Structures are given as structure tokens and as C-alpha cells.
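Side-chain atoms are counted along with the backbone in the values below, which use heavy atoms only and exclude waters and symmetry mates. Treat the numbers as computed from the prediction; the structure is a model and nothing was measured.
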Amino acid sequence: MTKSIDIKESIYDKNSEFNIKRFKIGKITIERPTRTINAKILTKNLLRYVIENFSNAIFEYSKLVSLKAVNYILSETSDVKIQKFFGFKNWMEGNPYIFSQTLTFNPYKEFGDIEKMSGYLDYCYNFSDPILLIPNIKIEKYDRNTGNKVPIINIKEYIQFVKAAFQILNYKNKKPIFVPMSLKFGIDDTKKLAREYIKNEFFNVWIDFESSAITKSKVSRIRAFLREFDFAERLDNLIIFSTNIKREIISNLKSDRTPASDVLATLVGCNLVGVNREPPRPIENTLDKEHLAELKKHKARVFDPNTYYYLKLEISDYNHKIRNLLMDPKFNILFNSSLIDKEFFSQTNYFLEKESIKDYIAKKAMMKEYKEGELIKLLFHGEARKIIEWF
């Protein structure tokens with residue numbers, strides 16, 4: 001049984017939450033912030049591109065899971081259908097595969113005892129390797145009839161669920177377990193969650209952005225969470241995996257370039273950065289063919305590491321052949337993921353050379369232009385932080 005990951009080296013930026021944690025998950029050695037690969041869009045034909053363009057191939061399958069879906073899996077006997085639910089394909093065997101999920105219901109309200117859904121967690125155990133993620137839970141839902149938000153779970157039950165799920169997953173377990181952090185809780189509950197995790201020595205944490213961008217309120221909650229670990233002198237034990245981040249801070253059909261959000265994940269302390277998730281857009285169902293074509297071109301934007309904008313293809317430097325390929329949504333997602341991962345490599349190299357990353361990030365056009373440099377003020381501070389710790 002295991003709780004923590006052996007971190008061989010930690011290197012901190014003195015002006016931001018950017019850090020390098022060096023550790024192993026399974027057979028993969030993590031030397032820098034690393035991007036996962038969206039298993040939903042991955043095909044066997046695209047596997048060659050993964051091999052050629054990612055130094056570490058870590059597949060992630062992200063899913064919103066309803067009560068109906070959990071009950072379906074608990075009663076299903078078909079291996080094929082169960083495997084399909086978890087998004088796993090036989091040719092993925094042998095590669096790191098992370099199953100990240102957000103439950104849309106309160107397990108205590110529906111099951112009473114979490115042991116009653118332990119069979120579902122047993123499936124989760126075997127369809128995620130070499131690390132396990134305890135499900136996050138949406139803490140509220142939108143009531144279409146009233147237009148109001150309705151609570152699903154409170155912080156007390158959330159913590160209770162994490163502990164119960166941990167015990168189930170930790171049975172005869174050799175995989176590090178990541179506990180969830182919802183960014184939907186208020187800041188006081190966020191600090192309460194951090195203190196509870198410290199007390200229980202839960203040092204592998206996954207942050208679920210739930211289709212939101214990196215914004216002031218999100219950064220404030222993450223800052224409060226990390227500060228609790230820092231004050232407890234347990235920051236060196238902490239590994240952060242963030243996922244379901246909205247690709248851009250704001251997206252406008254009329255704009256040729258839109259500010260990136262996902263590339264900023266490293267600056268709020270993330271060591272592993274997962275897949276993007278966009279909020280639902282019901283408006284698409286009512287668009288005519290002309291507007292749908294325009295929307296498709298808009299969605300095919302490509303990340304520009306020189307500026308930190310996502311650019312429409314017609315203003316990018318890519319040739320006609322690449323632009324045509326990028327119109328394929330699956331290839332586009334994979335291509336952009338590789339660009340983000342390579343940018344994390346560039347961030348790391350600059351940081352290791354200069355012992356600070358601020359000047360590198362601050363020169364990006366988007367960082368200077370978005371709300372007159374608001375992100376630079378938000379993501380960088382002047383506090384003295386530990387520079388290097390050897391273990």
C-alpha cells in the first residue's frame with residue numbers, strides 16, 4: 001500500500017508557484033511539468049505522432065459520470081461494454097493511462113454507504129495505471145426550472161467521501177492515489193480541505209477545473225490551498241495534477257487570436273497538466289451550415305508559443321498542408337497538446353538557466369496585453385521561496 005510518490009528533487013521559483021518536481025510514476029520518469037494526452041481522441045493511426053512528439057506518453061480519459069452510469073457499470077457483465085465506458089482500447093496496453101472523473105451526484109444521498117459503490121471503484125482501480133484518481137464530485141448543479149444553483153454535496157461529506165474512497169482503492173494497492181480538489185468550494189472550505197489532506201498525509205492532489213479557465217478566483221483558491229501545505233512544511237511532498245482546464249481564458253468568434261489558459265497551469269504550481277474540457281455550447285444545435293463552418297474554423301485554432309495566444313489558422317505560419325490537417329478536430333487537439341508540452345520544456349529550460357521564469361513569461365504578448373498585464377500581476381509575487389531542496 002502506498003500514499004506518496006518519492007520525489008527525488010524539488011526546485012521552486014522564488015516569484016511564482018512554478019516548480020519542478022522530479023519523480024517516477026510507474027516506468028515513466030517526470031523531469032519537468034508534463035502534459036497528458038487526450039485518450040478520447042486518440043486513435044491507433046495517431047499513435048505514431050504521439051511517439052514522435054511526446055517525450056512521455058501518458059494517456060488520460062476524462063469523464064462526467066452520472067448516477068445512472070455508475071449503476072449501469074455495477075450491473076454490466078460485458079467486458080467490451082465496461083472497457084468502452086472507461087475509454088480503454090487494447091492497443092493502449094502498457095502505456096500509462098489515467099481515468100479522471102467528476103461525479104454529478106452525491107454518493108451518500110444515493111448509496112448511503114460508499115461500500116455499496118465499491119465495485120465501481122474496483123473497476124476504476126484496474127482502468128487507471130500507474131496512478132489512481134479518487135473521483136471529484138460536482139458540489140452544485142443548475143436547476144433549469146428555477147435558474148438557480150442547487151447544492152449537491154458539502155465540504156464535510158466531500159472529505160468523508162475522499163477518505164472512504166481512499167480506503168477502498170488502497171486495498172492491496174501499489175499505485176499512488178491522487179485526492180481531488182474542487183475549485184467550486186469557497187476559499188475557507190478550500191483551506192479546510194488542505195488541512196484535512198495534510199493531517200491524513202494525502203500529498204498527491206488533482207485539481208479539477210471543470211471546464212473553467214485560470215482566473216483570479218481560481219488562482220486565489222489554489223494559492224490558499226498551497227499556502228496551507230507551505231505553512232505545514234509539507235510543500236516538498238506535494239504533487240499537483242490539474243485537468244479539465246478550459247483551453248482559452250476567453251473565446252470570441254470574431255477574434256483572430258484568443259488568450260491561452262492551459263499553458264498557464266505551470267504557473268499555479270501544477271506538475272502534471274491534463275486534458276482540456278470546454279463548457280457545453282447548446283447554441284451549436286441552432287446554427288445553419290455557414291455558421292457551423294465558421295465555428296469549425298474557429299475551433300481549429302492553434303497555440304502560438306511565441307505569444308501565448310491561440311491563433312486562427314489563416315494568420316498562423318503553418319503551410320496549407322498542416323492547416324488542412326489541423327481542421328481535423330482529433331489531430332488539432334493532439335497537435336496543440338504537443339505544442340503545450342514542448343512549451344513546458346522551454347519554460348523549464350529557461351527556469352533552470354535563470355533560476356526565475358518571470359522574465360520569460362512576461363515577454364509573451366498575451367501576458368502583456370490581456371487586461372493590461374493583469375496576469376503578470378496575478379501569477380507573480382515577490383515572496384522569497386526555497387530554491388533547491390535535495391532528498
Side-chain angles (χ1 to χ4, degrees), residues 8-23 28-38 49-58 60 213-214 219 239-243 245-249 257-276 301-311 313 315-319 322 326 331-370 373 375-376 378-381 385 387-388:
K8 295 184 178 179
E9 184 181 10
S10 300
I11 313 173
Y12 298 95
D13 181 23
K14 60 179 180 289
N15 298 123
S16 73
E17 302 302 340
F18 183 90
N19 68 89
I20 296 170
K21 297 279 176 75
R22 289 176 171 153
F23 56 92
I28 284 189
T29 299
I30 303 296
E31 297 283 345
R32 60 170 176 83
T34 300
R35 185 76 191 257
T36 67
I37 299 160
N38 192 336
Y49 182 88
V50 170
I51 294 168
E52 293 174 351
N53 290 277
F54 289 85
S55 55
N56 282 322
I58 303 172
E60 179 191 354
I214 293 176
V219 172
I239 292 175
I240 298 286
F241 170 43
S242 65
T243 194
I245 301 175
K246 188 171 179 285
R247 190 171 74 166
E248 291 127 309
I249 298 172
R257 54 183 194 164
T258 51
S261 170
D262 50 3
V263 74
L264 305 178
T266 54
L267 301 175
V268 296
C270 302
N271 309 110
L272 296 168
V273 180
V275 300
N276 296 126
R301 295 180 304 282
V302 62
F303 175 70
D304 178 21
N306 296 315
T307 63
Y308 280 19
Y309 281 109
Y310 274 91
L311 307 178
L313 295 181
I315 68 164
S316 72
D317 293 331
Y318 294 103
N319 60 37
I322 296 296
L326 287 169
F331 181 78
N332 184 286
I333 291 170
L334 192 56
F335 188 86
N336 277 314
S337 292
S338 70
L339 291 176
I340 294 288
D341 191 59
K342 287 168 185 173
E343 179 56 20
F344 290 161
F345 179 74
S346 297
Q347 289 178 357
T348 299
N349 284 346
Y350 185 94
F351 170 69
L352 291 176
E353 181 182 348
K354 304 292 185 180
E355 295 187 355
S356 173
I357 199 171
K358 184 175 181 179
D359 289 344
Y360 177 79
I361 300 295
K363 72 179 181 181
K364 305 294 183 180
M366 187 279 286
M367 300 296 291
K368 292 185 289 187
E369 294 166 0
Y370 181 74
L375 290 170
I376 297 173
L378 178 66
L379 297 169
F380 293 96
H381 50 72
R385 297 291 297 273
I387 303 300
I388 298 180

Who are the salt bridge (Lys or Arg N to Asp or Glu O under 4.0 Å) partners of [X], not counting sequence neighbours?
{"X": "R247", "answer": "none"}
{"X": "E353", "answer": "none"}
{"X": "D304", "answer": "none"}
{"X": "K364", "answer": "E343"}

Closer than 3.5 angstrom, by distance alone: can the side chain of [X] be matched with the main-chain N or O of [Y] as a donor-acceptor pair?
{"X": "T36", "Y": "T34", "result": "no"}
{"X": "N271", "Y": "I240", "result": "yes"}
{"X": "T243", "Y": "V275", "result": "yes"}

Side chain to side chain contact (heavy atoms under 4.5 Å, CB included) partners of [X], counting only residues at least two apart:
{"X": "L378", "result": "K216, V219, L375"}
{"X": "R257", "result": "Y309, L311, E369"}
{"X": "D317", "result": "none"}
{"X": "S261", "result": "A213, I214, I245, I249"}

remark   = Sorted by chain and residue number, the ring-ring contact (aromatic ring centres under 6.0 Å, His included) partners of F345 (sequence neighbours excluded) come out as none
remark   = Sequence neighbours excluded, the answer for ring-ring contact (aromatic ring centres under 6.0 Å, His included) partners of F331 is Y49, F335
For T29 against N56, the heavy-atom pair lying closest together = O-ND2, 3.3 Å
remark   = In terms of heavy-atom contacts, E17 and N19 come closest through O-ND2, 3.0 Å
task = Go through the structure and list residues passing side chain to side chain donor-acceptor pair (under 3.5 Å) with N349, not counting sequence neighbours.
result = none
key: Contacts of type side chain to side chain donor-acceptor pair (under 3.5 Å), residue S346, not counting sequence neighbours   = none
